[in-house]
Amino acid sequence: MLPAAVDPPIRVVHLGIGAFFRAFALPCFEALNMKLPRQQDRYAVMGVSLRSPAIRDALALQDFTYHTIERNPDADVARRITCLVDVGFAGEDRERILAVMAAPEVSLVSLTITEKGYCHKNGQLDARHPDIMHDVENPATPISAPGFIVAALARRRAAGTAPFTCMSCDNLTNNGHLLSAVVTGLAALTDPGLAAWIKAEASFPVSMVDRIVPATTDDDRADVARLVEGTDRAPVFHEPFWQWVLEDNFGPMGRPDFAHVGVQMVADVTPYETMKLRCLNGSHTALALLGQLHGKQSVSAAIADPLLAGFINSLWTQEIIPSVTVPQGEDINAYCRALGERFSNPRIMHQTEQIARDTSQKLQPRILAPLAENLSAGRSVLRLCLVIAGWLTFVRQIQVSQQQLHDPLAKTIAEIIAATHDGDSYVRAMLGLKGVFHHAIASHEMVITNVTSWYRQIDADGIAACLKEAAALEVDSNNRSARQ
Ligand code: CS2
C-alpha cells in the first residue's frame, strides 16, 4: 500500500493578497508544485489581507482555491490554483497570522502592498506615520505590514528560528532595499538588538514583477460561469505576458527553485526594474492621466487613439528610452513595441481610472526619475512635464466635480486647490508637495516653466492640441516657453 500523501506545511506567507499576486506569483508556485513529485515538498501559501476581510471571506467559501483566466486576443485559458491554503485578515486574525509567520517551516514572506504600504518617506521609515506610531506603541499587536514582519521576526529570534526571507513584489525602485529600510527602521525603534539581528541575518531580495492584471469587472464575473466548472467568487483575469526577475539573494532558509519555472534569477535587478518602471509603468501613468482627460476609459481604447499613441511613442523614443541603461541582451525598442501590443489587447479592460489612482506615489520612479536624469544630461523633459501637468489637471477636475480622489494625498491636494485661485499659483503649490517632488525638481526653472505652460494650454486649447504638439516636438527641444 502506498503511504498516505502528507499535506505540505505553509512555507510562504504573502502580505497583500490582491488580484496581482494571485494572478502573478501563485501560478508560479502552482507550476513549481507540479514539478515536485512528493506532496510534502510542495509549497503551501497563506495569504494575508491587510485592509479588508472580503477576499478571505470569498475564498474561504471555496477552500481558498480559485481560477486565473488568461485573456488572449482570441481565447481565454482558465487554470485552477490550489497552492493557496489559507487567508487571514490582519484586523481579525492577527494571532493566527503571526503564529504562522513565526513557524520554522515558513521560509519566505512576500509582499504586494503598494508603495503606500511601506509607510516610508524618501526611502526611510516614516516614524510619524499613524500606523507606525501604533506599531511602535504596540509591537506585539501590529497593524502595518512592516509591523507584522518585525513582530514575527521577534518571535523567531526569541525561539532561535532563522529569519524568513522578505521579498517585496511591488513596483518600486529597489523594492528590497526599501523593505529592508522600513523593517530594520521599525525594529530599531522598539528593539535595537532585534534590528541588528535582522540586519545581520535576514535577506531582502529585489524583484521586478510584470503582468497586467486589471480589476475584475462584472462582465468578467459573468464570463467565469462559461469558463470553469462550478462557481468561483474570486477569479482573477490577466494578460498572457509574465516576467519575474529576482535578485538571487535569499537568506539562511534557501529559496524555492524559481528558475525551474521561468523566473530570471540575476545578481542585479536594477536595469530590468528601471526599464520596466519607466517604459511600461511610465507610459501607463501617461496613458491613464492623459487618457482620462481625453475621454478614454481603458488602456486599449487610449492606445488605439492616434494622438495618444503618437504621444506615447515620442515619450518613449525621446525621453524615456534615452534615460534607461538597457539590461544586457535586451532590445529596448522591441520591448516598447511589445508593450504597445500588450496595451492594445482589447480583451484586457484595464481602466485608466484604476491606473490613475495613487499617482502621487507612482510619479517618482515612473516619471520624475527619468525627468531628473534627463535634466542633468541636458535631454528633453517636455513630454514628461506634460504628464505632470496632466496629473495636476486630472486631480483638479476630480476635486472640482466633487468626485472621490483615490490618493493618499487627497486631503492635502484638496487644501491646495481650495487655497490657490489661479493656475500658476496652483502649479507652484503642487510642485511643492513634499514627498512627491524633490526640491531640485520642484525648483528647477525649466520644470516650473514647462509644467505651467502645459497646464495653461490644456486649460485653454484642450488635451488633444497638447498631445499633437508634444508628439511633433523636435528631438531634444526644451524650448516651448518661447512660444507662450
Ligand atoms: C499599473 C501596474 O496600476 C498601475 O499602476 O501601471 O499595475 C501595471 O499594470 C503592472 O505593473 C504591470 O506589470
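Owing to the predicted nature of the structure, the values given are computational and were not obtained by experimental measurement. Remember, it's 1-based here, ligands and their atoms both numbered in the order they're listed.
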Once you measure the plane-to-plane angle for Trp242 and Trp244, does it fall in the parallel (<30°), tilted (30-60°) or perpendicular (>60°) bin? perpendicular
Can you tell me which residue and heavy atom of the protein come closest to atom 4 (C) of ligand 1, and the distance to 0.1 Å? Lys362 NZ, 3.6 Å
His350 ring center near Phe343 ring center (under 6.0 Å): no
Which ligand 1 atoms does Asn171 reach within 4.0 Å, using its non-hydrogen atoms? 2 (C), 10 (C), 11 (O)
Ranked by distance from atom 13 (O) of ligand 1, the top protein heavy atom is Asp210 OD1, 2.6 Å
Any idea which of Leu277, Asn281, Ile212 brings a heavy atom closest to atom 8 (C) of ligand 1? Asn281
Check ligand 1 against Lys276 and write out every atom of the ligand that is under 4.0 Å from a heavy-atom position of the residue. 10 (C), 11 (O), 12 (C), 13 (O)
Ignoring hydrogens and angles, tell me if any N or O in the side chain of His294 forms a donor-acceptor pair with the backbone of Lys296 under 3.5 Å. no
Quick one: do Arg233 and Asp57 make a salt bridge, cutoff under 4.0 Å? no
Can you tell me which portion of Arg366 lies within the under-4.0 Å heavy-atom range of ligand 1? Options are side chain, backbone, both, or neither. side chain
Is it true that Phe258 and Phe29 have ring centroids separated by less than 6.0 Å? yes
Are Glu30 and Arg79 within salt-bridge range, i.e. N to O under 4.0 Å? no
Closest protein heavy atom to atom 6 (O) of ligand 1, given as residue, atom name and distance to 0.1 Å: His284 ND1, 2.8 Å
Under a 4.0 angstrom heavy-atom cut-off, which atoms of ligand 1 come close to His350? 9 (O)
